[in-house]
Visitor: 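The following block contains the structure, expressed as structure tokens.
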Amino acid sequence: MKLRTRLSALLAGAAMSMATAGMADDLTIGYITKSATNVGWMMINQGASDAAEAEGVNLVTVGPAFADDLTSQIEVFENLIAQGVDAIAVAPADSSGIAPVVEDAMEAGIPVIAVDTGVSGAEVVSFVATDNLAVAKVQGAVAATLVEDGAPVIYVTGDPAQSTGQDRRDGFMEAFASHRPNSEILVVPTAWDASEAQEGVETLLNARSDVAMIVHAWDGATMASKAAMENLGLSAGDIKLVGFDGASDAIEAMEDGWVHANTAQMLYGMGFDGITIAARAARGEDVPARVDTGFFLVTPMTMDSYKALIGLE
Amino acid sequence: MTLETTTRPDHPLAGLRDFAIRWMVRFFRRDWSGALLALVVLAIAIELVTTGRSFFHPSNLMTIMNSSAAIGVIAAGMTLVILTGGIDLSVGSVMGMSAALTGYIVAFWGVPPEVAVLACLAIGAAVGTFNGILIAYWGMPAFIVTLAGLSIWRGAGHLSTGAQATPRLPDLFDWFGRANPLSGIRARFQEGTLPDFLMPLGETIDSLWMEYLRTFQMSTILFVLYFVAMIALVAHTRFGLYVYAVGSNEAGARQAGINPRFYKLLTYVICSMSAALGALMFLGRAPYARSDYGMMWELDAIAAVVIGGTSLFGVRGTLIGTFMGVILLKLIGNGLTLAQLDTFWQMVVLGLIILIAVGIDIVRQSGHAESVRRLLASVAAVMAFFTFLTPGSAVMGAWVRLHENNVVVALRAAGERLSGGHQNRQLSPEQVATAEAAIAANLWPALVFLGLTVLSLLLIRRAGAVWSLGLAALYAVMVVPLITMGYATATPLLILGAVVLVGAAITPAVFQRAHELGLDESPATEDVRRDSATEKGTA
């Protein structure tokens, strides 16, 4: 089944009733993504649809009208409960905001699996994600090896009001500061918005000529920083970039010498595992409460094996 | 500086004073004066709180201009639409769609970049015509048509490009953004291929490059040129005149032989084409083309227009005000980044500054001495409150931590199951001691500045010049304890508060004198007279 995103729950409902009409005994799994347009999410969604095919279940994929829109996620969620799907996999736009509907679903006997971002305030049968805090600590420790103690660095955050954004920031800060206690960390706060990231980085690079490295909470910001450096006439390597996600464009930038390290989430695997677990839960099997989908440290040394892994030329 | 001085025209400084008053009245009669005032005060504030390279360094100012450019041209188009009493909520989506499609056809269809640029502007023109026909000729509400457009064009952009990012675009696009017009001369100077008579120029450019010239980019140039062109269009053509006429009285305009529908249509076409130009300018600075560019830009553009003194109901407003509004928005972002303020505070501060800028504008329009005095007194109270916040937040933060700790301890004693959030809030004995010490150290300063805030709040309702001046003196005196108590960073706040209070004290006299000079032919004259009468009565 080819991955498709539908804008409204209405369409999802219609599609689902068509699908279930054809295959009466098959299980149907609702999958609510966070974004259909982000490169990283497209990889996760691909993994999800491949897993559905492998497990032989129907997958109804629905994305919010725009990225990280909680209201439309809740609406879609309620509709999926009403349609009586067999399991729901959700990547919450807001960890606590989604909790009430998750509780409703669990009470109605529909197992809920959280993918990528956890749910706080309600139980789920399984949480399938990268351990962001642990990976961000690796990112911080590796980043520390790239600069000398005392050299100022910039950190571009994700949404600090959200657990993924918090974990990545806290993990990086903790690990980096313990290895390079005298380095000043300048912060560019964003809500996963690349143009905010670019503006902030440009402002700081322009005010400070001593910045040695820019570390990012996601690879959209890595590409934004590269553009900011180009806008200021800097070349690859003048300031080291460190990414998070292992998105394909950031890996290409690593080949050209801009990016020096990247902690890649196993995005495809996260989507694949999430739907596999959801299918097993729908059949009533026991599933682990926490699945760590792991990570891959991409450096110029390990770049080729990572590229082979994600099928990049 | 009380009322007596205004009645003595032969005072030695009277000429200077009258000149200053004339100048002030002229300044505040401009629609954009609120935005400019906020801009200047904010810039000075940022300069005071940031360290390192000066905020006013030309290269930082040009960075602000560069990042204002794309949203700026869009806001210019929006200004025209709002002047006719309309609104365009679709600009962000139109910007995103035209950026994505332009990049897409260049990268994946092999279309020459020059053709793609024209196609981008054509997309803008087509969307604008569509909006304009529905609104002006079919009579559909602008809000609804463009709200639908907000969704339609965003969806269309995602659909047509598969929401995928393109590779890096050809160099031609740099000329809408990051290209520096001087970089060619510098490159040839470095190669030594510059003609001899240009060598000194090349050398100057090269030596100033890193410090000053590298942020002098096409974004800034196009941004300024576009506004100059639009201002000329509005000020010197029939089109500009008709835009204001349609906004103020559509039926009257029709009777005067103007075709209001056609001119409305035209403003929507210009607005959407501005969005397309904004897309090109954004592409000139961005890493690649994508269909999710320009999210929520419609709100930023409308905010810039309104902050610039343009009324949301049409008629009143200027493009130069919008220019300042855009820069004000971006300056806030730039300043907050430089100041490294906590993210959640940034959100709060951004909203407050917008409120203040629009507040200045509303009071300015009222032309009412008492409103101005009240505004100034409120600003002084806010300054006292900000001074209070430094010790006050320490006290309140510590108190909240202790209270939450006690709640968790009580829950635990009652045998409740504790969540992670609860456990985080339990303090170690050392943390309890730190919190108690923080309360003890900051309680008195907090209470003193809270008292000052309350006093200033009382002044807002009603007060004579003497009271205002007295409080101003108190503000100035409080600087000494402030520094001894270790809150020296808050001194500029108190000094600004004192200056504003002096302003509040002389406001009625200034209005009285302006009245005597015959500078107020506005309907507010009556109020000024009444106010100065009550002022005399209370003094």
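Keep in mind the model is a prediction, meaning the values are calculated, not measured. Residue numbering restarts at 1 for every chain, and letters A, B, ... go by the order of the sequence lines.
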Visitor: At a heavy-atom separation under 4.5 Å, does A/Asp249 approach chain B through its side chain, its backbone, both, or neither?
Guide: side chain

Visitor: Taking atom CD as the centre, does A/Glu123 end up with more than 12 heavy-atom neighbours from other residues, nucleotides or ligands that are less than 6.0 angstrom away?
Guide: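 Atom CD in A/Glu123 is not packed in, count stays at 12 or less.
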
Visitor: Is the shortest distance from a Lys or Arg side-chain nitrogen in B/Arg285 or A/Glu202 to a carboxylate oxygen in the other one below 4.0 Å?
Guide: yes

Visitor: How many angstroms lie between NZ in A/Lys226 and CZ in B/Arg168, if you round to the nearest 0.5 Å?
Guide: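 Those atoms lie 6.5 Å apart.
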
Visitor: Distance check, rounded to the nearest 0.5 Å: B/Thr215 atom OG1 versus A/Asn231 atom CG?
Guide: 10.5 Å

Visitor: Which region of B/Ser67, side chain (C-beta onward) or backbone (N, CA, C, O), has a non-hydrogen atom less than 4.5 Å from a non-hydrogen atom of chain A, or is it both or neither?
Guide: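 For B/Ser67, the contact with chain A is made by backbone and side chain together.
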
Visitor: List the atom of A/Ala227, the atom of B/Arg178, and the distance in Å for their closest heavy-atom pair.
Guide: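 Result for this residue pair: CB-NH2, 4.1 Å.
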
Visitor: Rounded at 0.5 Å granularity, tell me how far CZ in B/Arg214 sits from CG in A/Asn206.
Guide: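 It comes to 5.5 Å.
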
Visitor: Could you tell me which portion of B/Tyr293 (side chain, backbone, both or neither) has an atom closer than 4.5 angstrom to a non-hydrogen atom of chain A?
Guide: neither

Visitor: In terms of heavy-atom proximity below 4.5 Å to chain A, should B/Asn60 be classed as side chain, backbone, both, or neither?
Guide: both

Visitor: Relative to chain B, which of A/Glu196, A/Glu252, A/Gln198 shows the most heavy atom pairs under 4.5 Å?
Guide: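 Among A/Glu196, A/Glu252, A/Gln198, the one with the most close pairs to chain B is A/Gln198.
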
Visitor: Measure A/Ile185 against the heavy atoms of chain B and call it side chain, backbone, both or neither at under 4.5 Å.
Guide: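 Answer is backbone: N, CA, C or O of A/Ile185 sit under 4.5 Å from chain B.
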
Visitor: I need the B/Thr63 OG1 to A/Leu205 CG distance, nearest 0.5 Å.
Guide: 9.5 Å

